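As structure tokens, the structure follows; a few thoughts come after it.
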Amino acid sequence: MSEHSEPTADTAGPVAHGDQADAATEAFVRHRNLLFTVAYEMLGSAADAEDALQETWLRWVGVDLGTVRDQRAYLVRIATRQALGRLRTLGRRKESYIGPWLPEPLLTTPDVAEDVELADSVSMAMLLVLETLAPTERAVFVLREVFDLPYDEIAEAVDKTPAAVRQIAHRARAHVAERRPREIVSAAETRAALQAFQRAIETGELQKLLDILAPDVVFLGDGGGVAQAALQPITGAERVAAVAAGLSRFGDAASLQPTQVNGYPALILRLNGEIDTVIAVRLDGGLITGLYAVRNPDKLSHMESETALRR
């Protein structure tokens, strides 16, 4: 299938070149936040999502808009294809990544948290679950479950038949259901857990940490070989509590600041006023089952200003 496979005209005649360029720009800008969200959910990397959008734009400006029946669907299809290509490249990069790989955290706008399903879909916990899907499965799951696209539109985007897409969607849905948190956790629950975590760190009271950590909690630290971080996952409440308690060693130079990351409450650790680590959690049954610390400075550039995400 071609990216130019929608010849159904919806204009009365050819558009002048200048008008076409203006119309293409207006459509792209109108849907940009949606396209970024699609690419980011597929890639878990804001930098790669931005690159996918750049490639989407370069292809979009070459399209005869008179042949496009649905601009939103067309743009999503191009962005999905670009993201799929990058997802395969990203997979090769992750194989040589130093230590655990975590998604790139985003400082999100308040309206993302208000859309519970969107917030759940971009949460650190869910993005890590999506990492366990094959590239095409991930694309199909995101487009169907998050953006509710019809199967025929998804089929165009991933070069499969609608029947094949239905099967892939069913398989991906079952795979995700087995690995995601048992229920969508509210922002209030996450905030409460993080407040307890913050108090325990600031007071150095190890028992308070142990009280909020699940026995099989997993700590993942992403330094990317640039910042110091554990090179392997750390498992078990006592070991994780010891690592977390170590944050207090920075003394007055460090501060923990509540914030909104990927639609959920999170913490920023600042050292001497500079962002050092972004800390997100996964909750199950009221306890922290996953603790995610992103320290790789290359992944912290989207924490200085808010990113708008859209469905």
Side-chain angles (χ1 to χ4, degrees), residues 1-90 93 104 106-112 115 118 121-122 135-136 138-140 142-144 146-160 162 165 298 301-311:
M1 295 179 190
S2 158
E3 286 180 357
H4 297 234
S5 59
E6 292 196 41
T8 305
D10 59 2
T11 59
V15 181
H17 180 73
D19 291 342
Q20 160 112 357
D22 289 345
T25 301
E26 192 275 332
F28 185 84
V29 169
R30 186 168 67 251
H31 297 298
R32 189 190 185 286
N33 291 341
L34 162 71
L35 300 175
F36 176 84
T37 307
V38 170
Y40 175 72
E41 290 210 25
M42 286 180 59
L43 297 163
S45 162
D48 284 283
E50 293 284 4
D51 287 344
L53 255 64
Q54 181 65 23
E55 293 298 324
T56 299
W57 164 250
L58 292 175
R59 282 158 177 74
W60 175 243
V61 292
V63 171
D64 177 2
L65 297 189
T67 68
V68 177
R69 182 178 66 248
D70 183 336
Q71 293 181 345
R72 179 182 183 273
Y74 202 105
L75 280 162
V76 167
R77 187 163 79 244
I78 302 175
T80 299
R81 291 183 177 188
Q82 298 311 309
L84 266 175
R86 289 193 166 271
L87 189 55
R88 295 179 177 113
T89 302
L90 193 58
R93 291 213 310 260
E104 187 174 345
L106 302 178
L107 187 66
T108 44
T109 52
D111 60 322
V112 175
D115 184 338
L118 176 60
S121 72
V122 296
T136 301
R138 184 166 182 170
V140 169
V142 166
L143 294 178
R144 182 63 186 172
V146 182
F147 298 96
D148 199 28
L149 263 62
Y151 288 112
D152 57 343
E153 284 186 22
I154 300 173
E156 290 275 2
V158 300
D159 285 331
K160 302 286 184 184
V165 165
D298 294 338
S301 62
H302 282 73
M303 290 301 300
E304 297 290 357
S305 58
E306 292 179 337
T307 297
L309 301 175
R310 295 287 182 273
R311 283 203 294 166

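Since this is a predicted model, take the numbers as computed values, not measurements.
Shown are I154, T80, L34; of these, the side-chain contact (heavy atoms from CB on, under 4.5 Å) with F147 is made only by L34.
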Applying side-chain contact (heavy atoms from CB on, under 4.5 Å), run through D111 and R310 and close with a yes or a no.
CA-CA 9 Å; D111 60 322; R310 295 287 182 273; 2.9 Å; yes
As a quick check of understanding, evaluate side-chain contact (heavy atoms from CB on, under 4.5 Å) for K160 and T136, giving each step before the final call.
CA-CA 10 Å; K160 302 286 184 184; T136 301; 4.2 Å; yes
Let me see the working for L75 and R30 under side-chain contact (heavy atoms from CB on, under 4.5 Å), right down to the final yes or no.
CA-CA 11 Å; L75 280 162; R30 186 168 67 251; over 6 Å; no
Before you tell me yes or no, could you show the steps for T307 and L107 under side-chain contact (heavy atoms from CB on, under 4.5 Å), namely the whole-Å CA-CA distance, both residues' side-chain angles and the distance that decides it to 0.1 Å?
CA-CA 6 Å; T307 297; L107 187 66; 5.9 Å; no
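The closest donor-acceptor contact from the side chain of R144 to the backbone of L149 lies under 3.5 Å. Not one N or O on the side chain of R311 forms a donor-acceptor pair closer than 3.5 Å with the backbone of T37.
Between R32 and L35 the shortest side-chain heavy-atom distance does not fall below 4.5 Å. Inter-residue side-chain proximity for H31 and V76 is flagged as unmet; no heavy-atom pair is nearer than 4.5 Å. You'll find the side chain of N33 stays beyond 4.5 Å of the side chain of L309, heavy atoms only. Using a 4.5 Å heavy-atom cutoff, the side chains of V112 and T109 are in contact. Inter-residue side-chain proximity for F28 and V61 is flagged as unmet; no heavy-atom pair is nearer than 4.5 Å.
Note: L143 CG to R138 CZ = 12.0 Å, rounded to the nearest 0.5 Å. Rounding to the nearest 0.5 angstrom, the gap separating the CD1 atom in I78 from the CD atom in E156 is 12.0 Å. Going from atom CD of E306 over to atom CG of L106 covers 11.5 Å, rounded to the nearest 0.5 Å. To the nearest 0.5 Å, atoms CD (E55) and CG (L53) are separated by 10.5 Å. Between L84 atom CG and T89 atom OG1 the span is 11.0 Å, to the nearest 0.5 Å. Going from atom CD of Q82 over to atom CZ of R77 covers 12.0 Å, rounded to the nearest 0.5 Å.
Counting only N and O atoms by type, the side chains of H302 and E104 include a donor and acceptor under 3.5 Å apart.
Closest approach of A49 to F36, counting heavy atoms only: CB-CE1, 3.7 Å. Closest of all the heavy-atom pairs between P162 and A155 is N-CB, 3.7 Å. Here the closest heavy-atom approach between residue A52 and residue R86 is recorded as N-NE, 3.7 Å. Of all heavy-atom pairs spanning L43 and A83, the tightest one is CD2-O, 3.5 Å.
Taking the six-membered ring where the residue is Trp, Y74 and W60 present tilted rings, their angle falling between 30° and 60°.
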